[in-house]
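A short worksheet on the structure shown next.
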Amino acid sequence: MKKRVGFPNALLFYKFSILWTTFFQELGAEIVISPKTNKIIKDLGVKFAPDEDCYSTKLYFGHTLYLKDKVDFLFIPRIGSDHEVNVGCPKFIALAEVLKSMFPDLPKIIMPFFSMAKKNHGRFKILRIIFSIGFRFTLNPFRILIAGKRAFDAQSKYDEELKFSEEELHKWENSKIFLQNLSIQEQRKTPLRIALVGHPYVINDDFSSVNIKNLLLSRGIDIITPDQMPKALIENQMEKLDYNMYFNYAREILGTTMHFIENNSIDGILQLIIFSCGPDSLIGEMSARYSSRKPGTPLLQLVLDELSSETGVLTRIEAFLDMIERKNEFRRNEENCHLHSLILDH
Amino acid sequence: MPFTFPHFGSLTHVFEVVMREVGKNDLLLPKKPNRRTAELGARYSPEFICTPFKLTLGTYIEMLEEGADELGSGSCHSWCRFGYYWPVQKLILEDLGYDFKFICLDYLRPYILLRTLQKEIGNGCSLQRAIRAVRIGWIKNRLTDLVDDLLYKYRVIETEKGLSEKMAETAFKIIVETKRLRDIKKLRKQLPEFFKKNIDVQKRDNLIKVGICGELYVVYEAALNLDIHKKLNELGIVVKNTVSLRSYLDMGLKLNPFVKSPYKTAIKAAKPYIENKCGGETLENVGDIVLCKKHGRDGMVHLYPFTCMPEIITRSFIPQISQEYNLPVLSLVLDEHTGEAGFSTRIEAFADMLIRRK
Ligand code: SF4
Ligand code: SF4
């Protein structure tokens, strides 16, 4: 019988799902992924996770507990950092061990540790991890190697497809192309363009983001998310800071916000912030201050937690969109006036 | 250019010493944070940032009002928010219209630390002098920790109320003012005698001993922990801090092959629960809780600021450890809203439980 490996569908799974699932699939394991966050999972998490933890971690607890009796192994890697200098959120390192300590009856947890920045882990460490996991499922070292290779290839292909080139981004900023397939086009001639920034596991999780992404799409609004932004562009923005943004995953978020604040090329920025999240408390403040220093592009920050409701969020977004519309209207009128006066001058 | 830095319990003296050693005499020593400091800090801080941020921001504002214009801050590159304190505080203070310069000391990277001391604070002093300053810093840090320990013991058994506190003040003064290395080293023996000679005690045996662990700032800064040390002392409990800045600063301890560093021992003891560093003092704290009985303590108090990431992790292990070792552990979260009354009740209940167990 195939061994079943469970993947809690939360946090970094949103970033590395392809890598992880491909690897185990190639090893011949049965993949069990917890469903998209729903009410049951949320309630489990909120009930059993430590009170002070961030909402996203609470959801992770919920996903893990949901999988508890359905799998032989849980895969919860301890990722310290995947960059030479910059690190991840401390919660990622400790998750596996915290879960094991709080819930002794969980299935066996596979928890490889990887930390490039502080431990200098590199290819060699990855090989060791691959083999130490692989031998639990197959005795054939070639199969393990191939599984590893395919997994990494699949992930980098996925990442590449996700990212836009700078050229494409430029075209989008100038309304030459649309990113989303806006089937439900409203009467709008040119759709609004908004950057939806936040952790990938918040933006893409319809439940924890109270469905914001779909809400925007259904209004015929074209959105871009930080993981689609060209890497060079983000790094470029980070260079401008007088400190090093060493939370690796926060770089994308802050960089995206900074880029659009600087270029003033889109209609608005919508930032989703998780209550009591460490990195968010900082980049939220930074974004707000940078934006108030260069207030061209409106910025709306929404703080989300287990108590957020769709209606509450909806009102704020409506107000935000109205404000943008009014602003654009005003700008258009001004441009017209300008044009008139130019004509009259001649 | 008056230079200032955040108030940090007894470590304030250590910071002062290091600055003076590199020749920075234009110091504006920070005031103890009070209610106004907390309010100021909280008003301008991000909503759910960890509490030390708010208090240190409040301190900076108060000191800027008094004329400081160089602000010293720690910094790091680790799994914790501490390294972003100064960038965000800088943005906030700039928006408030202050004119100042931040000087940040990266205590996890010795070379950079020395460079900053040399160039930015010491006005181009020699590298030797910077090294000496840091060395004196850690040696004196051992002494300030020693005085803390003595105070937290003598305050329980003193006959004249308040005398040990006065003695501790004097002791800190002596530590700061002693200049020659030879004299400083002698203090290690002299300070305990100084306490013994000057304070009349009422001998009591079977004293209850409790270790206090947690996030560094909240453990050291009485303004944030509502002086929990004193509260426990008044309930007849001897306390000792298990965390210390020395786990980073004390190179002498790290390099000395003959002395076992208590921090390393703690990290080892934490291994069965959590293996890898995850910012802050998580490993040391988990280890110290595990080793509680071995160190002859009757219980542990774990303090952490609201939303502190590393210490929430520590907190999550406490139920398991306390069950396995049958330990009383009190974990308390603190922020600027923590009420005196509820806090005291919890401490008293904990003390009662310890007394009953003994
Ligand atoms: S980055 Fe923020 S939301 Fe994500 S796990 Fe860490 S604290 Fe939670
Ligand atoms: S250790 Fe905790 S309180 Fe201190 S800076 Fe880090 S997150 Fe904040």
Side-chain angles (χ1 to χ4, degrees), chain A residues 49-54 57 61 78-81 85-104 111 113-115 117-119 241-247 250 273-290 292-293 301 303 305, chain B residues 44-50 53 75-95 102 104 106 108 270-280 282-283 286 304-321 323-324 331 333 335:
Chain A
D51 271 347
E52 297 93 357
D53 245 332
C54 65
T57 310
F61 275 61
R78 296 173 288 176
I79 297 187
S81 129
V85 206
N86 302 323
V87 299
C89 173
K91 308 227 160 128
F92 302 148
I93 312 178
L95 263 177
E97 283 152 316
V98 166
L99 280 161
K100 190 173 119 199
S101 163
M102 291 183 66
F103 310 100
M111 44 167 134
F113 175 61
F114 186 74
S115 170
K118 299 280 164 180
K119 293 270 178 198
L241 301 172
D242 56 352
Y243 49 89
N244 177 27
M245 190 73 208
Y246 59 79
F247 281 141
I273 292 178
I274 287 290
F275 182 75
S276 107
C277 161
D280 274 357
S281 66
L282 300 157
I283 48 176
E285 185 72 14
M286 290 166 178
S287 312
R289 301 230 167 228
Y290 291 138
S292 75
R293 287 175 183 198
Q301 297 184 314
V303 179
D305 66 5
Chain B
Y44 300 113
S45 296
E47 189 190 347
F48 42 87
I49 189 90
C50 38
F53 182 98
S75 173
C76 71
H77 244 96
S78 186
W79 291 281
C80 157
R81 269 175 281 187
F82 186 54
Y84 296 116
Y85 270 29
W86 74 266
V88 178
Q89 286 173 335
K90 186 172 161 216
L91 287 176
I92 297 174
L93 292 173
E94 275 172 2
D95 283 352
F102 251 112
C104 58
D106 190 337
L108 289 184
K271 281 276 136 84
Y273 302 92
I274 174 148
E275 282 177 23
N276 305 296
K277 234 184 158 12
C278 41
T282 307
L283 292 184
V286 170
Y304 63 105
F306 183 58
T307 77
C308 172
M309 300 188 283
E311 294 312 320
I312 290 177
I313 299 172
T314 313
R315 163 94 183 77
S316 316
F317 290 107
I318 291 179
Q320 190 196 0
I321 304 174
Q323 198 190 20
E324 278 174 11
S331 193
V333 53
D335 68 4

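All values derive from a computational prediction rather than experimental measurement. Letters A, B, ... mirror the listed sequences (proteins, then strands); counts begin at 1.
- In this structure, chain B has no heavy atom under 4.5 Å from any part of A:F92.
- Only the side chain of B:Y304 comes within contact range of chain A, with at least one heavy atom under 4.5 Å from a heavy atom of that chain.
- In this structure, chain B has a heavy atom under 4.5 Å from the side chain of A:S115, while its backbone stays farther away.
- If you measure heavy-atom distances from A:D242 to chain B, the contacts under 4.5 Å come from both the backbone and the side chain.
- For the options B:G280, B:S75, B:C80, heavy-atom pairs under 4.5 Å to chain A are most numerous at B:C80.
- Taking all atoms of both residues into account, the shortest heavy-atom contact from A:E97 to B:F317 is O-CE2, 3.5 Å.
- Between B:M309 and A:P279, the shortest heavy-atom distance links the atoms SD-CD, 3.9 Å.
- Taking CZ of B:F53 as the reference point, atom CG of A:L282 lies at 7.0 Å (rounded to 0.5 Å).
- Once rounded to the nearest 0.5 Å, the distance linking NZ of A:K119 with NZ of B:K277 reads 9.5 Å.
- Note on A:E285, A:E52, A:R289: by heavy-atom pairs under 4.5 Å with chain B, the leading option is A:R289.
- Proximity to chain B is limited to the backbone of A:I274, based on heavy atoms less than 4.5 angstrom apart.
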* To do: Tell me, with the steps shown, if A:K118 and B:N276 meet side-chain contact (heavy atoms from CB on, under 4.5 Å).
  => CA-CA 10 Å; A:K118 299 280 164 180; B:N276 305 296; over 6 Å; no

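- Between chain B and the options A:A94, A:G284, A:G278, the largest number of non-hydrogen pairs under 4.5 Å is found for A:G278.
- Ring geometry, A:Y246 versus B:Y84: the interplanar angle falls under 30°, so the pair is classed parallel (tilted spans 30 to 60°).
- With a threshold of 4.5 angstrom between heavy atoms, B:C308 does not approach chain A through any atom at all.
- Proximity to chain A (any heavy atom under 4.5 Å) is restricted, for B:I312, to the side chain, taken from C-beta onward.
- Counting all heavy atoms, side chain and backbone alike, A:Y243 lies closest to B:P87 at CD2-CB, 3.3 Å.
- Residues B:L91 and A:R293 form a side-chain contact, since some pair of their non-hydrogen atoms from C-beta on lies under 4.5 Å apart.
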* Criterion side-chain contact (heavy atoms from CB on, under 4.5 Å) on A:M286 and B:V88, from CA distance to verdict -> CA-CA 7 Å; A:M286 290 166 178; B:V88 178; 3.5 Å; yes

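- Closest non-hydrogen pair, B:R81 versus A:S281, comes out as NH1-OG, 3.1 Å.
- Nearest heavy-atom pair, B:S78 versus A:F247, reported as atom, atom and distance to 0.1 Å: O-CE2, 4.1 Å.
- Among B:C50, B:G83, B:S45, the residue with the largest count of heavy-atom pairs under 4.5 Å with chain A is B:G83.
- In terms of heavy-atom pairs under 4.5 angstrom with chain A, the leader among B:I313, B:I321, B:T307, B:V333 is B:I313.
- Residue contact with chain A, scored on non-hydrogen atoms closer than 4.5 Å, involves the backbone and the side chain of B:I92 alike.
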* Test B:E275 against A:M111 for side-chain contact (heavy atoms from CB on, under 4.5 Å), laying out the working first. => CA-CA 11 Å; B:E275 282 177 23; A:M111 44 167 134; over 6 Å; no

* Evaluate side-chain contact (heavy atoms from CB on, under 4.5 Å) for A:N244 paired with B:H77, printing each intermediate quantity in order. => CA-CA 9 Å; A:N244 177 27; B:H77 244 96; 2.8 Å; yes

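- Taking every heavy atom of both residues into account, B:C278 and A:P90 meet most closely at O-CB, 3.5 Å.
- Residue contact with chain B, scored on non-hydrogen atoms closer than 4.5 Å, involves the side chain of A:I273 exclusively.
- Looking only at distances, a side-chain donor or acceptor of B:W79 sits under 3.5 Å from a matching main-chain atom of A:G80.
- Here A:S101 is the residue among A:S101, A:P104, A:A117, A:A288 with the most heavy-atom pairs under 4.5 Å with chain B.
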